[in-house]
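Written out below as C-alpha cells is the structure these notes cover.
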Amino acid sequence: MSFNTLGLSDALLRAIDKKGYTVPSPIQEKAIPPILERKDVLASAQTGTGKTAGFTLPLLQILSQGQKLRKRPVRALVLTPTRELAAQVLDNVRAYSEFLDLRSMVVFGGVNANPQIRALRNGVDVLVATPGRLLDLHNQRALSLANVEILVLDEADRMLDMGFQRDINKILNLLPAKRQNLLFSATFSKEIKQLANGILHHPVWVEAAPENTTAEKIEQKLYRVDQKRKSELIIKFISEGGWKQVLVFTRTKHGANRLTKKMVAAGITAAAIHGNKSQGARTKALGGFKKGTIRVLVATDIAARGLDIPLLPHVVNFELPNISEDYVHRIGRTGRAGASGEAISLVSQEEISYVKGIEKLLGEKLQSEIVAGFEPTASFEKPASTSRNKPHKKPKPKGNNRNYKRRSRR
Ligand code: AMP
C-alpha cells in the first residue's frame, strides 16, 4: 500500500514525501479514506501508531478543497489534553500543510494569552488547543467556533482522566451541530464510550492494535483438549455462556468451514470469513456479525487482519497460530472495550510448543485448565518431540506497525 492510493492531493503527497514516509501506517491506511468521505471516525490508536498524520492529512485535504472564508474563521478544531501534545500536533499540521494555503496555530494555558489573542485576529483555519485555554479565549471573544467543520478529540481518554469532561461539553455547545467528528483514544472505558455516543454519528470504527503488548484488560485462558473434541468444547462454551459476538480463529480455510458447519448444526448462527470467500460473502457475514444476527465469525488470520470490527468480548483461538506474533494480533481484538475481554485458546497436545513460543514473546506464563468431561487423552506435559512441534523461531518483523512505535514519551 502506498500513500498514492489513499486519495490525497499532490500537495499533501509532496509534504509526506518530504517527511520521508514511504508507506502509510495501518491506522493511516484505515482512517484516511473514511475521513475523506466526511464520515465520523472512532479510532483506537495509541501514540506511536502515526495517528496524528491519520487525522491531519485528510483534515487538511478537506479544508483545502472547501470554500475559503474571507476572515478565516476556525474550520478545524483539534483538542488535546496537554500542551506538549498540542504543540506536537501543530508541528504535524504545519509540516503537512507546507504546500497548502492554510493557516494553523496552537493555543494552550500556562503562557500569556495576549500573543494568542493577537494571532487569532489574523484568522486561522486549523486551531489546535487544550480545552481550558480555548474556553478562556472564547469567553474573551478572541475567537469564534461557529464555523468549525471538523472536530478532533485527540487522546480522548487522557482528556477525561485529566477532568476535561465539563470543558469538552461546554466546547461542544459552541460548535455548529452539523460537523464532522473524529475521536482518537488509546483505551475505551465506559466514559469514553458515552462521550463517543454523544458526539459521533454512525462512526466508522478503526483500530491499530499495538504490537507485542498484551492489553491488561484481556483475560487469557488456555484449555487443554484433544483436537477432535475442540468443536464440541467451543460449542459448549458459546451456548452455555450465552456468548454473543465471538471471533474464532482457525488455522486453515477448511477448518473454518468445518467448524462453521458444526456450529450451525448446533443451532449457533455462524459464518466463515477467509480467502476463498467472495467479497460479497465477506461483507454479508461481517454485516451480520456487527448487527448481531450472526453470533460467531470464524476466520483465518489473513482474512481477519483487515476486518473493521469493534472490540469484542470474546476471541477464541480454535487452533493456536504457529507464529507467536499472530497470537498477540488475535487477542488484541478483545479487552480494550472494558474489563470483560476474554481470549480463549483451545490447546491440543500438538500445540504445546506454540504455547511456549507465545509465553516467551509475552514474557509471562499462561495457566491452562481442563474442562471436566474433556480431559485430553495424551499427557499435556510431555514435551513435543516431532520436528513439526519444535518451538517456533521468532520471525523477523514483517508488519508495518513496528515502525511507528513511540519514539519519545509525551
Ligand atoms: P504519532 O503516533 O502520530 O505520534 O506518530 C509517531 C511517529 O511516527 C512520528 O514521529 C511520525 O512522524 C511518524 N510517522 C507517522 N506516519 C509515518 C509513516 N507513514 N511513515 C513513517 N513514519 C511515520
Side-chain angles (χ1 to χ4, degrees), residues 1-36 41-62 76-100 104 106 108 126-130 150-159 161-162 182-188 192 205-213 215 305-306 329 332 336 397-410:
M1 165 73 82
S2 96
F3 276 106
N4 295 336
T5 56
L6 292 175
L8 295 168
S9 66
D10 285 346
L12 288 167
L13 292 175
R14 259 175 83 194
I16 293 166
D17 196 44
K18 204 169 162 191
K19 275 284 226 176
Y21 306 162
T22 47
V23 285
S25 72
I27 196 74
Q28 291 163 3
E29 228 174 78
K30 291 182 197 168
I32 292 173
I35 299 177
L36 286 178
V41 166
L42 180 57
S44 159
Q46 288 167 332
T47 296
T49 54
K51 69 180 168 68
T52 318
F55 63 77
T56 305
L57 291 167
L59 174 154
L60 292 171
Q61 171 132 335
I62 291 169
L77 175 65
V78 184
L79 291 179
T80 74
T82 64
R83 299 176 210 177
E84 294 74 27
L85 184 57
Q88 282 190 41
V89 171
L90 181 76
D91 285 348
N92 277 263
V93 173
R94 291 250 165 105
Y96 304 134
S97 61
E98 186 180 341
F99 306 108
L100 296 169
S104 50
V106 64
F108 47 67
V126 184
L127 183 63
V128 185
T130 50
I150 308 174
L151 169 70
V152 184
L153 296 180
D154 192 13
E155 303 204 356
D157 46 352
R158 275 174 80 196
M159 279 204 260
D161 287 346
M162 290 171 70
L182 315 174
L183 189 149
F184 283 71
S185 186
T187 55
F188 280 86
I192 283 286
W205 252 97
V206 295
E207 63 172 323
E211 214 171 311
N212 293 357
T213 54
R305 202 147 291 164
H329 277 303
R336 280 160 290 151
K398 56 181 168 37
N400 293 343
N401 254 1
R402 204 174 286 272
N403 301 330
Y404 311 100
K405 284 260 163 72
R406 181 192 305 243
R407 289 181 195 165
S408 60
R409 268 198 83 77
R410 287 198 173 140

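Counting convention: from 1, in listed order, for ligands and their atoms alike.
- Without hydrogens or angle criteria, Gln61 side chain to Leu12 main chain gives no donor-acceptor distance under 3.5 Å.
- In Gln88, neither the side chain nor the backbone holds a heavy atom less than 4.0 Å from any atom of ligand 1.
- Two residues are said to be in side-chain contact when any heavy atoms from C-beta on lie closer than 4.5 Å; Leu183 and Val41 fail this criterion.
- Between Leu36 and Leu8 there is a side-chain heavy-atom pair separated by less than 4.5 Å.
- Contact of the Ile35 side chain with the Leu59 side chain is not registered, since no non-hydrogen atoms from C-beta on lie closer than 4.5 Å.
- Distances shorter than 4.0 angstrom do not occur between any heavy atom of Asn92 and any atom of ligand 1.
- Listed for the Arg94 side chain is a donor-acceptor partner under 3.5 Å among the backbone atoms of Ser104.
- In terms of polar-atom proximity, Phe3 is not counted as a contact of ligand 1, lacking any N or O under 3.5 Å from an N or O of the ligand.
- Where the criterion is an N or O separation shorter than 3.5 Å, residue side chain and backbone included, Tyr21 meets it with respect to ligand 1.
- Set against the non-hydrogen atoms of Gly50, the atoms of ligand 1 under 4.0 Å away are 1 (P), 2 (O), 3 (O), 5 (O), 15 (C).
- Under a 4.0 Å N-O distance rule, the pair Glu155/Lys51 qualifies as a salt bridge.
- Atom numbering of ligand 1 starts at 1 in the shown order; those under 4.0 Å from a heavy atom of Thr52 are 1 (P), 3 (O), 4 (O).
- Counting atoms of ligand 1 from 1 in the listed order, those under 4.0 Å from a heavy atom of Lys51 are 1 (P), 2 (O), 3 (O).
- Those atoms of ligand 1 with a heavy atom of Val23 less than 4.0 angstrom away are 18 (C), 19 (N), 20 (N).
- Looking at Lys19 next to ligand 1, no N or O pair under 3.5 Å apart turns up.
- A 4.5 Å side-chain heavy-atom check between Leu153 and Met159 finds at least one atom pair inside the cut-off.
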